[in-house]
Amino acid sequence: HLPKKRQTLLFSATMPDDVRKLAMDLLQNPVNIQIGHAAPVMTVAHRFYPVQMGIKTALLKDILEKTKMESVLVFTRTKSRAKSLAQQLERSGHKVISLHGNLTQQKRKQALDGFREGRYEIMVATDIAARGIDVTRISHVINYDMPSTADAYTHRIGRTGRDSKTG
């Protein structure tokens, strides 16, 4: 249903080899424009806390209590961990919502809208939230579970430190 003569554009903070190959196969005379390097922006500060799994949640709660944060996005590796961690944080008195692939599209939209509007101070999410969400007031991104690739890390932390703001 698309017109034969058209322009197709593809934008991404990173371009994995398999996506690049697919684009080259599908597009006619593609042009690649790269601005800078696929690396975290300079406005984002990074901290690393090596911790055993058994005390990870306690450390997270301590960080949340002792750090001034406007809005926090916490990434987990699995849907079940996102749901479970959100419940634990809620029992500790935090306004929290989870976002993961087991939710219906309507529930995902409600969760994202609530987080965007400030009804929730924390969103615990899987990598479903690492790309393409537009929430401007995220002050902190916490990787509860390490991402599987450097690109995933770049996309996760790219939810903060936007528009020359720090994160």
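No experiment lies behind these values; they were computed from the predicted model shown.
Shown here for Ala23 and Leu10, the closest heavy-atom pair between the two residues is CB-CD2, 4.0 Å. Here the closest non-hydrogen pair linking His100 and Lys79 is CB-CG, 3.8 Å. For the residue pair Ser98 and Ala82, the shortest heavy atom distance occurs at CB-O, 3.9 Å. Closest approach of Phe115 to Arg137, counting heavy atoms only: O-NH2, 2.9 Å. The two atoms that bring Tyr120 and Ala111 nearest to each other are CD1-O, 4.4 Å, heavy atoms only.
Of the possible polar contacts, none joining the Arg108 side chain to the Leu99 backbone as a donor-acceptor pair under 3.5 Å is found. Remark: side-chain polar atoms of Thr67 are paired, donor with acceptor, to backbone N or O of Ile63 under 3.5 angstrom. For Ser139 (side chain) and Ser71 (main-chain N/O), a donor-acceptor pair under 3.5 Å exists by modelled atom type. Judged by distance alone, with hydrogens and angles left aside, the side-chain atoms of Glu90 form no donor-acceptor pair with the main-chain N or O of Val96 at under 3.5 Å. Panel note: side chain Arg77, backbone Asp127; no donor-acceptor pair is recorded below 3.5 Å.
Lys66 contributes atom NZ, which lies 14.0 Å from atom NZ of Lys61 (distance to the nearest 0.5 angstrom). If you take CE on Met69 and CD1 on Ile138, they are separated by 13.0 Å, rounding to the nearest 0.5 Å. Leu64 contributes atom CG, which lies 7.5 Å from atom CD of Glu121 (distance to the nearest 0.5 angstrom). Taking CZ from Arg119 and CZ from Arg116, the interatomic distance works out to 10.5 Å, rounded to the nearest 0.5 Å. In this structure, Leu27 CG and Leu9 CG are separated by 9.5 Å, a value rounded to the nearest 0.5 Å. Atoms OH and CD1, on Tyr49 and Ile55 in that order, are 13.0 Å from each other to the nearest 0.5 Å.
Note: the hydrophobic cluster containing Leu89 also contains Val51 (ILVMFWY, side chain heavy atoms under 4.5 Å, direct or indirect links). Side-chain heavy atoms closer than 4.5 Å link hydrophobic residues (I, L, V, M, F, W, Y) into clusters, and following such links, possibly through other members, connects Leu59 to Leu85. The cluster map of Ile, Leu, Val, Met, Phe, Trp and Tyr, joined by side-chain heavy atoms under 4.5 Å apart, puts Phe75 and Ile142 in different clusters. Hydrophobic clustering (ILVMFWY, side-chain heavy atoms < 4.5 Å, transitive): Met53 and Val124 are in one cluster. Using a 4.5 Å cut-off between side-chain heavy atoms of Ile, Leu, Val, Met, Phe, Trp and Tyr, with links allowed through other members, Ile122 and Leu60 fall into the same hydrophobic cluster.
The only member of Thr76, Asp145, Thr126 that meets side-chain hydrogen bond (donor to acceptor under 3.5 Å, both in side chains) when paired with Arg81 is Asp145.
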*asked:* For Lys83 and Asn102: C-alpha separation, side-chain torsions, deciding distance, then whether side chain to side chain contact (heavy atoms under 4.5 Å, CB included) applies.
replied: CA-CA 10 Å; Lys83 184 178 177 182; Asn102 279 355; over 6 Å; no
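Atom CD of Glu117 is surrounded by more than 12 heavy atoms from other residues, nucleotides or ligands within 6.0 Å. Within 6.0 Å of the NZ atom in Lys56, the count of heavy atoms belonging to other residues, nucleotides or ligands exceeds 12.
At least one side-chain heavy atom of Met123 sits under 4.5 Å from a side-chain heavy atom of Leu112.
Using a 4.0 Å cut-off between charged nitrogen and carboxylate oxygen, Lys21 and Asp17 do not count as a salt-bridge pair.
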